[in-house]
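Structure first, then comments.
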Amino acid sequence: MSVRIDETHGAALMSWLESANDPATDFPIQNLPFGRFRRPGEPGWRLGVAIGDQVLDLRFASVVDVSDMAQLMQLDGSSRHQLRWRISQGLRHGSVQQARFQAALLPAAEVEMGLPCEIGDYTDFYTSIHHATTVGKLFRPDNPLLPNYKWVPIGYHGRASSIGVSAPGLGHTFQRPRGQVKAAEADVPTLQASSRLDYELELGVFIGHPSSQGEPVTMAQAEEHVFGLSLFNDWSARDLQAWEYQPLGPFLSKNFASTVSPWMVTLDALAPFRAAFTRPASDPQPLAYLDSAVNQKLGAINIELEVWLQTRMMREVGHAGVQLTRCNYRDAYWTLAQLVVHHTVNGCNLRSGDLLGTGTLSGPLPEQGGSLLELSRGGKQPLVLPQGETRSFLSDGDTVILRGYCQAEGFRRIGFGECRGTVLSARQE
Ligand code: MN
């Protein structure tokens, strides 16, 4: 694991593209996140980098000669670093390649974004101890945090087929799921539309360089296998979850839809925002295979995260939405490297394009819950919204918007864009 800060991160670095120098943009020249895009009606995806309010077509700019994102993602760390360097060179003020790069730009507003890559396997972790404790109290009041939590990065295998991508407007839309629900006082469950539909504020971790089956990844190598991060909403049906989750974990309560943001922010871009990973002295320290000096010093990442809600009523009166939560990825109980290492310790291999979810990222304070389940105390204390509406869980027509950004003294702020999705009414029988 090496965290390298160089000229591509310089706060004074400017682009010849004016919108990239706007202090409010998520995509200054210091960011350079990767995604897939196309003009409306085009059959295939093109590989691009977000810069200001434009998208750079990497092939058209002669930066890469591949059209498959997985091919680009499987590069090792130093090749990925060189790629970042070339793109930064072409976009910076005074570049001799300006004309060629300029011809390869398309306005972001005129293109459609796809999933960042073909997603292979998807694993969702549970890395916020604050989330695990609060939710544990609601599901098991007598036994909130299970004894393995502080030793094992807990996760389950999710489903990639139903992951969709954010878009402007309503974003990724999906029907409210139906499933088995059993009320506490009922003798038998019923099949019905979920009445406790929720979001989960997460980060998506895209695997880049693959690992081989039977060869566990070490802490020193772990980040070599991570291409980048995006925002991730793991929509969850709490009533289905409560009935089905024991003994094998979540199943249909989680796999009906998940939403990812279209841009993968690379670990290179995140280098200036690394933070120390610490554990309270009273907690067990990680086992040796999950520990390293670099991980302790720089294993965490300082990413500010926000959840916004725009209800149908807000949309109708032109209200942009209300902020529900603000927290920071730095507070996670396990780091990126620890997730990769633990995932492969048994010999499991990771492939380019696999996706790891961090798990719901709740902060330490009650108002920093990364889901409505937490913010409404299990549905007992509905949130009161500006127009007088209330929410314990999501209503049809609700749009949930995740945002994320990094800032540090002496560096340019970079952002993740948006992860936006909307709940549609359940399918009629
Ligand atoms: Mn989750």
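Heavy-atom basis, side chains included; hydrogens, waters and symmetry copies ignored. Remember, it's 1-based here, ligands and their atoms both numbered in the order they're listed.
- Between the side chains of N233 and T259, no donor-acceptor pair of N or O atoms lies under 3.5 Å.
- Annotation: Y156 is not in aromatic contact with F125 [ring centroid separation under 6.0 Å not met].
- Of all protein atoms, those of element N, O or S that lie under 2.8 Å from the Mn ion (ligand 1) number 4.
- In this structure, Y122 has its ring center at least 6.0 angstrom away from the ring center of H157.
- Under 4.0 Å is where a charged nitrogen must lie from a carboxylate oxygen, and between R39 and E112 no such pair does.
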Please output the side-chain donor-acceptor pairs of residues 243-250 that fall under 3.5 Å, not counting sequence neighbours, one pair per line with the distance.
| from | atom 1 | to | atom 2 | distance (Å) |
| --- | --- | --- | --- | --- |
| W243 | NE1 | Q180 | OE1 | 2.8 |
| E244 | OE1 | L252 | N | 3.1 |
| E244 | OE2 | F251 | N | 2.7 |
| E244 | OE2 | L252 | N | 3.0 |
| E244 | OE2 | S253 | N | 2.9 |
| E244 | OE2 | S253 | OG | 2.7 |
| Y245 | OH | R140 | NH1 | 3.0 |

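- The pair D398-R391 meets the salt-bridge criterion, with a side-chain N (NZ, NE, NH1 or NH2) lying under 4.0 Å from an Asp/Glu carboxylate O.
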